[in-house]
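To keep things clear, I will list the structure first and then write my remarks on it.
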Amino acid sequence: MKKILVTGGSGYIGSHTVVELQNAGYEPIIIDKLSNSTEAVVDRIERISGKRPAFEKVDCCDLEATEAVFKKYGDIEAIIHFAAYKAVGESCSIPLDYYRNNLVSLINLLTLMPKYGVKGIVFSSSCTVYGQPEIVPVNEKSPIVPANCPYGNTKQICEEIIRDTIASGSPIKSILLRYFNPIGAHPSSLIGELPNGVPLNLVPYITQTAIGIRKELSVFGDDYNTRDGSCIRDYIDVVDLAKAHVLAIGRMLDKETEKVEVFNLGTGNGTTVLELVKGFEEATGVKLNYRIVGRRAGDVEQVYADCTKANEVLGWKAETPLSETLLNAWKWQLKLRDEGIM
Ligand code: UD1
């Protein structure tokens, strides 16, 4: 079985990807410093797949500790690098923490890879690199624009660090995956997103409002130039997204390809905030308390993916209907209440 090191593997997207790697016959090894997740996630992964993934509580910014993991497991074939800080607003207040954490961890992995014969790295990037694209849907050739926050900048710089390292002759390959808006939870309701404190992302805020943890959802703006005035995003099911990582690993390891490849991962459909709210109410039968307020600073008006390349080259397509994804997000919120977690 091919060993795949999954940094941030107990986090939201990481945990779903570990399950899909196991389903596909890989042996994932999780490394996570647990800054935004707990080791209980490893038990839950085991409950879903029947297989317990190896777990190491290690910070990838710690070069020695990370190297010890490479030594301990030997013959790691590839890495999926999720471990990163990801809150846009927070990154503006503590930029150095963001730059240190997100850049140093990647630099350490890239340093260790050739030494231990690790062949490739799949990197979690974001559609934030496109800013507000002139043309939507946005494809991979769309220009990268200056980031509007340190978080977004770390994604751009990490992409460049990978390209520069490979251009310098490092014997590795990479696939950069630019996620649109990942939402939902595993259909088993055993893993999902666990926001720290007040959620900043739309869907966790919706589910927490629906269950009564929050009083009402603020819809940030209805005066955008869109069909109903609210912002448009491309909401992609987290399990569909996880499956793309498995395909990326297979492609990177088993096919003759360019050394660096980029794929957009979304559904190809733009959904407005108000459509998402309505979709949630319809899918769950729960009425949502919401109010239109002013725009949120830094939001782009509309961005959704042209996924033609992922469809044709990676052989991946988002499959889960939005209503099912929203229902899974709701079932996960109910589960968190039932288990007294939130
Ligand atoms: C943001 C980042 C993205 C990052 C992602 C992860 C930008 C432009 N994008 O995505 O790079 O990867 O977070 O955290 O900064 N909304 C409400 N009410 C709420 C919350 C959100 O109306 O309480 C609206 C927002 O205005 C937006 C949409 O819902 O139109 C989605 O927001 P959110 O879930 O925060 O994701 P993005 O801002 O798209």
Side-chain angles (χ1 to χ4, degrees), residues 8 11-14 36 82 84-92 98 102 123-133 136 138 142 144-159 176-184 193-210 213-238 241 264-267 269-280 288-305 322 325-326 329:
Y12 175 44
I13 306 171
N36 195 24
F82 291 107
Y85 294 157
K86 61 169 185 183
V88 173
E90 184 184 61
S91 78
C92 300
Y98 271 68
N102 293 6
F123 178 69
S124 296
S125 191
S126 165
C127 69
T128 191
V129 301
Y130 301 120
Q132 174 60 67
V136 285
V138 60
S142 182
I144 304 294
V145 304
N148 67 358
C149 66
Y151 156 76
N153 205 18
T154 68
K155 292 296 170 193
Q156 296 193 4
I157 298 171
C158 283
E159 288 197 2
L176 313 175
L177 298 179
R178 294 181 181 151
Y179 311 151
F180 282 67
N181 288 57
I183 61 163
E193 191 172 8
L194 255 182
N196 242 340
V198 183
L200 301 166
N201 294 118
L202 180 60
V203 170
Y205 209 102
I206 287 179
T207 56
Q208 289 197 11
T209 305
I213 300 174
R214 312 281 156 208
K215 250 180 62 203
E216 67 179 8
L217 168 77
S218 300
V219 172
F220 297 137
D222 69 346
D223 57 351
Y224 287 99
N225 186 22
T226 60
R227 47 189 175 266
D228 61 22
S230 63
C231 293
I232 291 179
R233 295 288 183 274
D234 186 338
Y235 297 94
I236 169 77
D237 185 90
V238 67
L241 187 66
N264 282 346
L265 298 179
T267 63
N269 302 317
T271 303
T272 70
V273 176
L274 292 169
E275 285 164 356
L276 196 90
V277 167
K278 196 155 170 278
F280 177 83
L288 198 74
N289 194 19
Y290 73 90
R291 192 161 57 101
I292 314 261
V293 301
R295 295 182 177 194
R296 178 172 74 176
D299 271 340
V300 300
E301 177 176 282
Q302 47 182 312
V303 60
Y304 58 102
L322 184 59
T325 302
L326 291 170

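Throughout, residue positions are numbered sequentially from 1 according to the sequence presented. Note that ligands are numbered from 1 as they come in the structure, with each ligand's atoms numbered from 1 the same way.
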Exercise. Enumerate the atoms of ligand 1 whose separation from the nearest heavy atom of R233 is less than 4.0 angstrom.
Key: 27 (C), 30 (O), 37 (P), 39 (O)
Self-check item: Donor-acceptor pair, side chain of D228 and main chain of D222, under 3.5 angstrom
Solution: no
Quiz prompt | Side chains of Y85 and N102 in contact at under 4.5 Å (non-hydrogen atoms) | solution = yes
Quiz item: Quick one: which of L217, T209, T207 gives a side-chain contact (heavy atoms from CB on, under 4.5 Å) with F280?
Solution: T207
Practice problem: Check whether more than 12 heavy atoms from other residues, nucleotides or ligands sit under 6.0 Å from atom OH of Y290, and answer yes or no. | Solution: no
Exercise. Report, as yes or no, whether the 6.0 Å neighbourhood of atom CG on L200 holds more than 12 heavy atoms from other residues, nucleotides or ligands.
Key: no
Quiz prompt | 4.0 Å heavy-atom contact, F180 with ligand 1 | solution = no
Practice problem: Determine whether the side chain, the backbone, both or neither of C127 has a heavy atom under 4.0 Å from any heavy atom of ligand 1. | Solution: neither
Exercise. Report the C-alpha distance between F220 and R295 in whole Å, list the side-chain angles of each, state the deciding distance to 0.1 Å, and finish with yes or no for side-chain contact (heavy atoms from CB on, under 4.5 Å).
Key: CA-CA 5 Å; F220 297 137; R295 295 182 177 194; 5.7 Å; no
Exercise. Evaluate the side-chain proximity of S125 to C158: yes if any heavy-atom separation is below 4.5 Å, no if none is.
Key: no
Quiz item: With a 4.0 Å heavy-atom cut-off (strictly under), which part of L217 contacts ligand 1: side chain, backbone, both or neither?
Solution: side chain
Practice problem: Specify the protein heavy atom at minimum distance from atom 24 (C) of ligand 1: its residue, its atom name, and the distance to 0.1 Å. | Solution: V273 CG2, 3.8 Å
Exercise. State, yes or no, whether a side-chain contact exists between I183 and L202 at a heavy-atom distance under 4.5 Å.
Key: no
Practice problem: Select one of side chain, backbone, both or neither to describe which atoms of Y151 lie under 4.0 Å from any atom of ligand 1, heavy atoms only. | Solution: side chain
Quiz item: Under 4.0 Å from any heavy atom of C231, which atoms of ligand 1 are there?
Solution: 30 (O)
Exercise. Could you tell me which atoms of ligand 1, counted from 1 in the order shown, lie closer than 4.0 angstrom to a heavy atom of V219?
Key: 22 (O)
Practice problem: Report yes if some heavy atom in the side chain of L276 is under 4.5 Å from a heavy atom in the side chain of Y235; otherwise report no. | Solution: yes
Quiz item: Which atoms of ligand 1 are found less than 4.0 Å from any heavy atom of L200?
Solution: 20 (C), 35 (O)
Exercise. Would you mind running through ligand 1 and noting each atom that sits below 4.0 Å from a heavy atom of S126?
Key: 11 (O), 12 (O)
Exercise. Flag the pair Q302 / C231 as yes when at least one side-chain heavy-atom distance between them is below 4.5 Å, and no otherwise.
Key: no
Quiz prompt | Residue and atom name of the nearest protein heavy atom (relative to atom 32 (O) of ligand 1), distance in Å to one decimal | solution = R296 NH2, 3.4 Å
Practice problem: Starting from atom 18 (N) of ligand 1, find the nearest protein heavy-atom neighbour and note its residue, name and distance. | Solution: S218 O, 2.7 Å
Quiz prompt | V300-ligand 1 polar pair, N/O distance under 3.5 Å | solution = no
Practice problem: Provide, to 0.1 Å, the distance between atom 22 (O) of ligand 1 and the closest protein heavy atom, together with that atom's residue and name. | Solution: F220 N, 2.9 Å
Self-check item: Which residue and heavy atom of the protein sit nearest atom 2 (C) of ligand 1, plus the separation
Solution: V88 CG2, 3.8 Å
Practice problem: Taking the side chain as every heavy atom from C-beta outward, state whether T271 and I232 have any pair of such atoms under 4.5 Å apart. | Solution: no
Quiz item: What atoms of ligand 1 come closer than 4.0 angstrom to any heavy atom of D299?
Solution: 25 (C), 26 (O), 38 (O)
Quiz item: Can you find a heavy atom in the side chain of I292 that is under 4.5 Å from one in the side chain of L274?
Solution: yes
Quiz item: Side chain, backbone, both or neither: which part of N201 has a heavy atom under 4.0 Å from ligand 1?
Solution: both
Quiz item: Do R233's NZ or CZ and the ring of Y304 fall within the cation-pi criteria of under 6.0 Å and 45°?
Solution: no
Quiz item: Any idea which protein heavy atom is nearest atom 28 (C) of ligand 1, and the distance to it?
Solution: Y235 OH, 3.5 Å
Quiz item: Closest non-hydrogen protein atom to atom 10 (O) of ligand 1, residue and atom name please, with distance?
Solution: N181 ND2, 3.9 Å
Quiz prompt | Element-labelled atoms of ligand 1 that are located less than 4.0 Å from some non-hydrogen atom of T128 | solution = 11 (O)
Quiz item: How does K86 reach ligand 1, if at all, at less than 4.0 Å between non-hydrogen atoms: by side chain, backbone, both, or neither?
Solution: backbone
Quiz item: Is it the side chain, the backbone, both or neither of Y290 that has a heavy atom closer than 4.0 Å to ligand 1?
Solution: neither
Exercise. For residues S126 and Y151, determine if any side-chain heavy atom of one lies less than 4.5 Å from a side-chain heavy atom of the other.
Key: yes
Quiz item: Please state which protein non-hydrogen atom is closest to atom 34 (O) of ligand 1 and give its distance, to 0.1 Å?
Solution: L202 N, 2.8 Å
